[in-house]
Amino acid sequence: MASANNGIPATLIPGDGIGPEVTKATVEVLQALGSPFEWETHSAGMAGIEAAGDPLPAATLDSIRRTRLALKGPLTTPVGGGFRSVNVRLREEFKLYANLRPAKTIIPGRYENIDIVLVRENIEGLYVAHEHFIPVGADPRAVAVSTGVNTRDGCRRIARFAFEYAVKNGRKKITIVHKANVLKALTGIFLEAAREVAKEYEGRVEVDDRIVDACAMQLVLNPWQFDMLLCTNLFGDILSDELAGLVGGLGLAPGANIGEHGAIFEAVHGSAPDIAGKGVANPVSLLLAAGLMLDHVGKPELAVRLRTAIQATLLEDNVRTRDLGGSASTVEFTAALIKRLNASAA
Ligand code: NAI
Ligand code: MG
């Protein structure tokens with residue numbers, strides 16, 4: 001859609017729980033940065049049900065179809081019964097097959113100098129959630145069955161994404177994560193396809209592989225041995241939270257969902273119902289996700305300015321939210337960051 005100041009149209013989904021608090025902070029910071037985005041704000045998740053009676057309203061989908069670009073707050077998904085995960089539906093709808101989750105130390109804590117990029121297959125594996133119950137006797141839900149699906153094409157596609165990313169971003173090594181000793185078909189095909197793709201990059205990107213449980217332990221013992229992790233959907237979900245833990249928690253972990261029909265940027269964390277509405281949420285994950293979005297639309301200089309200002313606010317000004325051991329509220333942190341940006345622009 002044409003716009004008054006020729007900005008880049010993008011969909012904004014504030015989301016649930018702490019979502020509205022951290023998206024508001026992010027939009028304000030982006031404005032101070034002089035970001036190119038022109039927001040179309042739409043609801044989803046519980047907020048979608050309240051506003052439009054649907055966790056994924058048609059207007060929201062239409063907007064993303066137009067803009068092919070979205071910044072999304074976390075969405076609450078009821079555990080057990082209730083609607084299907086809206087995050088998973090969005091990834092499927094727009095074929096967002098690649099989930100990119102970089103973890104980089106900003107504040108040295110338990111670990112220093114962590115710099116690992118996780119690439120997660122985003123629409124296959126056990127997340128297809130083809131599930132059902134089998135009744136036995138009087139119990140209609142006596143046996144639960146879940147079927148995972150990995151296609152050779154899907155595995156090749158995500159492997160190629162990871163290797164291309166490595167080449168473009170000067171990364172050295174990719175570790176393929178699997179459980180091919182037990183899930184020989186489901187994760188065996190992933191390992192096989194990834195090794196096949198790796199051959200095309202021989203001499204440019206090193207490759208090795210790890211069984212997921214050993215990888216989880218190695219990440220705690222010696223995370224510096226890893227450069228990039230290439231994971232199936234569920235393993236990527238689990239290990240990306242572990243990576244967030246290595247760099248100071250979920251308040252500092254961004255993610256990008258990238259595909260053929262668009263890209264959606266979000267924090268790795270969820271809606272954090274335990275702190276929602278209290279004004280203490282850390283907006284840095286979503287801010288860093290906005291940084292990935294700036295990279296994606298070809299504005300790396302703005303992304304660098306944003307990351308530099310975030311780092312200065314956390315490390316030099318020592319303004320931090322509670323999850324990082326500080327006492328700043330979301331609003332106070334945001335104000336400090338905007339002050340930094342204005343100072344760097346002056
Ligand atoms: P969560 O990530 O929302 O929270 C886990 C813990 O981390 C909580 O103690 C929370 O207070 C803390 N935390 C998370 N983000 C924070 C932030 N920005 N600042 C400070 N502390 C933060 O995970 P949980 O509780 O398992 O999930 C809550 C809901 O979020 C569920 O409905 C889940 O389905 C949904 N979810 C949505 C995601 C998405 O939209 N992409 C991703 C993960 C979960
Ligand atoms: Mg997760």
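Counting starts at 1 for both ligands and their atoms, in listed order. What you see is a predicted model, and the numbers here were worked out from it, not measured in a lab.
Contact annotation: the side chain of Glu124 never approaches that of Phe190 to less than 4.5 Å [non-hydrogen atoms, C-beta and beyond]. Two residues are said to be in side-chain contact when any heavy atoms from C-beta on lie closer than 4.5 Å; Ile174 and Val119 fail this criterion.
What you find for Leu324 and Gly248 is that their closest heavy atoms are CD2-O, 3.7 Å. The two residues Asp16 and Met46 make their nearest non-hydrogen contact at OD2-N, 2.9 Å. Heavy-atom minimum distance, Asp54 versus Leu56: OD1-N, 2.8 Å. Nearest heavy-atom pair across Arg340 and Glu316 is NH2-OE1, 3.2 Å.
Checking side-chain atoms of Thr313 against main-chain N and O of Val319 turns up no donor-acceptor pair under 3.5 Å. With Thr187 contributing its side chain and Lys179 its backbone, the two residues share a donor-acceptor pair below 3.5 Å.
Around the CZ atom of Arg204, the shell of radius 6.0 Å holds more than 12 heavy atoms that belong to other residues, nucleotides or ligands.
For the pair Glu21 and Lys278, the salt-bridge criterion is not met [side-chain N within less than 4.0 Å of a carboxylate O]. Taking a cutoff of 4.0 Å between a charged side-chain nitrogen and a carboxylate oxygen, Arg91 and Glu266 qualify as a salt bridge. A salt bridge is defined here as a Lys NZ or Arg NE, NH1 or NH2 lying under 4.0 Å from an Asp or Glu carboxylate O, and Arg160 with Asp153 fails to meet this definition.
Near Thr76, meaning under 4.0 Å from one of its heavy atoms, ligand 1 places the atoms 32 (O). Listed by atom number, the atoms of ligand 1 under 4.0 Å from Pro273 heavy atoms are 28 (C). If you number the atoms of ligand 1 from 1 as listed, the ones under 4.0 Å from a heavy atom of Asn87 come out as 37 (C), 38 (C), 39 (C), 40 (O), 41 (N). Each of the following atoms of ligand 1 lies closer than 4.0 Å to a heavy atom of Thr77: 32 (O), 34 (O).
Ligand 1 is approached by Lys72 to a heavy-atom distance shorter than 4.0 Å. For the pair Val22 and ligand 1, no heavy-atom separation below 4.0 Å is found. Every heavy atom of Val280 sits 4.0 Å or more from the atoms of ligand 1. Taking 4.0 Å as the cut-off, Ser285 does not count as a neighbour of ligand 1 on heavy-atom distance.
For atom 24 (P) of ligand 1, no protein heavy-atom neighbour is present inside the 4.0 Å cut-off. Inside a 4.0 Å radius of atom 27 (O) of ligand 1 there is not any protein heavy atom. Distance check for atom 30 (O) of ligand 1: a protein heavy atom is found below 4.0 Å.
With hydrogens and angles left out, the side-chain atoms of Thr334 and Glu28 include no donor and acceptor closer than 3.5 Å. Asp208 and Thr175 form a side-chain donor-acceptor contact under 3.5 Å, judged by distance and modelled atom types alone. Counted by atom type alone, Asp323 and Thr321 present one or more donor-acceptor pairs between their side chains at under 3.5 Å.
Between Trp39 and Phe37, the ring-plane angle classifies as tilted under the 30° and 60° cut-offs.
Ligand 1 has no N or O atom lying under 3.5 Å from any N or O atom of Gly251, backbone or side chain. For ligand 1, one of its N or O atoms has an N or O atom of Ala272 under 3.5 Å away. For the pair Arg91 and ligand 1, the shortest N or O to N or O distance does not fall below 3.5 Å.
Nearest protein heavy-atom contact of atom 2 (O) of ligand 1 is Gly270 N, 2.7 Å. Of the protein's heavy atoms, Glu266 OE1, 3.0 Å lies nearest to atom 41 (N) of ligand 1. For atom 19 (N) of ligand 1, the closest non-hydrogen atom on the protein side is Asn282 N, 2.9 Å. For atom 21 (N) of ligand 1, the nearest protein heavy atom (residue, atom name, distance) is Ile275 CD1, 3.5 Å. Here the protein heavy atom with the shortest distance to atom 37 (C) of ligand 1 is Leu75 O, 3.2 Å.
Only the side chain of Leu250 comes within 4.0 Å of ligand 1, counting heavy atoms alone; its backbone N, CA, C and O stay farther away. Only side-chain heavy atoms of Ile18 come within less than 4.0 Å of ligand 1; its backbone N, CA, C and O stay farther off. For Asp274, every heavy-atom contact with ligand 1 shorter than 4.0 Å involves the side chain, none the backbone.
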Pairs of donor and acceptor atoms involving the side chains of residues 234-247, under 3.5 Å and at least two apart or interchain, shall be tabulated with distances.
unit_1, atom_1, unit_2, atom_2, d
Asp237, OD2, Tyr127, OH, 2.9
Ser240, OG, Arg101, NH1, 2.6
Ser240, OG, Gly236, O, 2.8
Ser240, OG, Asp237, O, 3.1

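Protein atoms of type N/O/S that fall under 2.8 Å from the Mg ion (ligand 2) number 1 in this view.
The residue from Met46, Arg322, His269 that puts a heavy atom closest to atom 42 (C) of ligand 1 is His269.
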